2 protein chains.
Amino acid sequence: MPDQEHLPDVRTTAQAWESLFRTQVAVMRRMQGLPEFKKLSMREYDVLFNISRCPTGWTRLNELNEALLISQPSLSRMVERLVAKGLLQRRTAEQDQRGIEISLTEEGRELQRIIGREHVRHLHEMIAPALSAEEFGQLQLLTEKLRNGLKRAD
Amino acid sequence: MPDQEHLPDVRTTAQAWESLFRTQVAVMRRMQGLPEFKKLSMREYDVLFNISRCPTGWTRLNELNEALLISQPSLSRMVERLVAKGLLQRRTAEQDQRGIEISLTEEGRELQRIIGREHVRHLHEMIAPALSAEEFGQLQLLTEKLRNGLKRAD
DNA sequence: GGTCAGTAGATGCAATTGCATGTAAACTGG
DNA sequence: CCAGTTTACATGCAATTGCATCTACTGACC
């Protein structure tokens, strides 16, 4: 081990978390009203976005659920609604007859792209003035490291 | 201005935000099931916590609303429920007869403290292994700076 | 191969949420 | 001072959410 890094105490971790959390709230709150989220709520967009990131294009419902804060029954019904809107398609998983796989339809993919572009543009306007490029880079590294280092849920 | 810091591009800001957001989701998701949130949902606890931070002990409803992601009618009714549970008290504001001020009751303050202690303890267990004390400090500074530097909502 | 525990989603139902709108008080310009 | 606008919160109501539970399938053990 190179330099001695001392372990964080409770105050340090609590304050850092609180600051991160409040920042997330502040940004989300400003984003809520923006026009791109008129057609789809932010939660729904987040579902489309997560699916769009899957290499194969298909995800298992339970896997998707882990990336979201909503409960399993809520996701189940949200997917139902998004299928009804023509934005998603479902199929039963090959190797596990209990499982459901979902993917974006062409329409869903297109809507995700449209909203995504607007979203990124507005996000950039909102947060870019606050930090330098170097600081954003540090922030990304620190949050990635934090996320990857979380103690496994028991 | 000392060194030349270059301005962040769109990719840089979007990736940093996404990483922060995903980290927040990962932590919140693990927190949801913990026993301290059996008596009160996380949203409700967050309300008590925010009020507990007010120097005077009283807050205006609209001011409190700005620190939360829920809508104004939702907060209005959540406060109603928390008053019914005996955790909050309400009064009309002195200088503005339209306004409502709320504060914790003794019972509410005590419950907030109990949940808060458990929460901080579990949070620490969960995230402390991920970063050093110095890194948590950097994370706090960066998120504070980000929050304070957000472009004003139009 | 049959029983039993565990996992993936679906569903009934009550509670919570948000949207649109309502009411009342405060501000504003003449 | 008074009409018109804005602000703060409440309320009707439909949509969404979560909890508890159910069904169907899987995997393990014997």
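Since the model is a prediction, treat every value here as computed from it, not as a measurement.
Remark: P of dA15(C) and NZ of K85(B) are 12 Å apart, rounded to the nearest angstrom. Atom CG in N65(A) sits about 11 Å away from atom P in dA10(C), given to the nearest Å. We find that CE of M42(B) is positioned 17 Å from P of dT16(C), with the value rounded to whole Å. Taking atom CD of E66(A) as the reference point, atom C1' of dG9(C) lies 14 Å away to the nearest angstrom. The CD-C1' distance, from E63(A) to dA8(C), rounds to 13 Å in whole Å.
Pairs of residues two or more places apart, or lying in two chains, never qualify as salt bridge (charged side-chain N to carboxylate O under 4.0 Å, His left out) while including a residue from residues 62-76 of chain A. Pairs passing the ring-ring contact (aromatic ring centres under 6.0 Å, His included) check and including a residue from residues 94-120 of chain A, sequence neighbours excluded, read F37(A)-H119(A), Y45(A)-H119(A). Contacts classified as ring-ring contact (aromatic ring centres under 6.0 Å, His included) and involving residues 57-98 of chain B (residues at least two apart or in different chains) are not found. Within the structure, the salt bridge (charged side-chain N to carboxylate O under 4.0 Å, His left out) test picks out the following pairs touching residues 89-104 of chain A (sequence neighbours left out): R60(A)-D96(A), R91(A)-E101(A), D96(A)-R98(A).
Using modelled atom types, one side-chain atom of R30(A) and one backbone atom of K151(B) make a donor-acceptor pair closer than 3.5 Å. Looking only at distances, no side-chain donor or acceptor of E110(B) sits under 3.5 Å from a matching main-chain atom of E107(B). A donor-acceptor pair is defined here as one N or O able to donate and one able to accept, closer than 3.5 Å; no such pair exists between the side chain of T105(B) and the backbone of Q89(B).
Residue F49(B) is grouped with residue L69(B) when hydrophobic side chains (ILVMFWY) are merged at heavy-atom distances under 4.5 angstrom, including chains of intermediate members.
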What does the list of N/O pairs under 3.5 Å between the protein and nucleotides 17-21 of chain C look like, with a distance for each?
unit_1  : atom_1 : unit_2 : atom_2 : d
dT17(C) : OP1    : R43(B) : NH1    : 3.1
dT17(C) : OP2    : R81(B) : NH2    : 2.7
dG18(C) : OP2    : S71(B) : N      : 2.8
dG18(C) : OP2    : S71(B) : OG     : 2.8
dG18(C) : OP2    : S74(B) : OG     : 2.4
dG18(C) : O6     : R77(B) : NH2    : 2.9

Sub-3.5 Å pairs of nitrogen or oxygen atoms, protein against nucleotides 2-4 of chain D:
none

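Inter-axis angle, ends of the helix from dG1(C)-dC30(D) to dG30(C)-dC1(D), five pairs per end, rounded to 10 degrees: 30°.
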- Message: For I127(A) and L131(A): C-alpha separation, side-chain torsions, deciding distance, then whether side chain to side chain contact (heavy atoms under 4.5 Å, CB included) applies.
- Response: CA-CA 8 Å; I127(A) 71 177; L131(A) 300 178; over 6 Å; no

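A search for side chain to side chain contact (heavy atoms under 4.5 Å, CB included) contacts involving E118(A) returns E36(A), R121(A), H122(A), not counting sequence neighbours.
Side-chain contact check for L150(B) versus T23(A): every heavy-atom pair is 4.5 Å or farther apart.
Once rounded to the nearest 0.5 Å, the distance linking OG of S52(A) with CG of L111(A) reads 11.5 Å.
For CD of Q32(A), the number of neighbouring non-hydrogen atoms (other residues, nucleotides, ligands) closer than 6.0 Å is greater than 12.
Within residues 44-62 of chain A, no residue has a heavy atom under 4.0 Å from DNA chain D. Using a 4.0 Å cut-off on heavy atoms, the residues of residues 92-103 of chain A that approach DNA chain D are D96(A), Q97(A), R98(A), listed by number.
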Indicate every side-chain donor-acceptor pair of residues 70-82 of chain A with a distance under 3.5 Å to a residue at least two apart or in another chain.
unit_1 : atom_1 : unit_2 : atom_2 : d
S71(A) : OG     : S74(A) : N      : 3.4
S71(A) : OG     : S74(A) : OG     : 3.2

Enumerate donor-acceptor pairs with a distance under 3.5 Å from any side-chain N or O in residues 10-22 of chain B to protein atoms, sequence neighbours excluded.
unit_1 : atom_1 : unit_2  : atom_2 : d
T12(B) : OG1    : D9(B)   : OD1    : 2.5
T13(B) : OG1    : H124(A) : ND1    : 2.8
T13(B) : OG1    : V10(B)  : O      : 3.0
E18(B) : OE1    : R53(A)  : NH2    : 3.4
S19(B) : OG     : Q140(A) : O      : 3.4
S19(B) : OG     : T143(A) : OG1    : 2.7
S19(B) : OG     : E144(A) : N      : 3.4
S19(B) : OG     : R147(A) : NH2    : 2.7
R22(B) : NH2    : D46(A)  : OD1    : 2.8

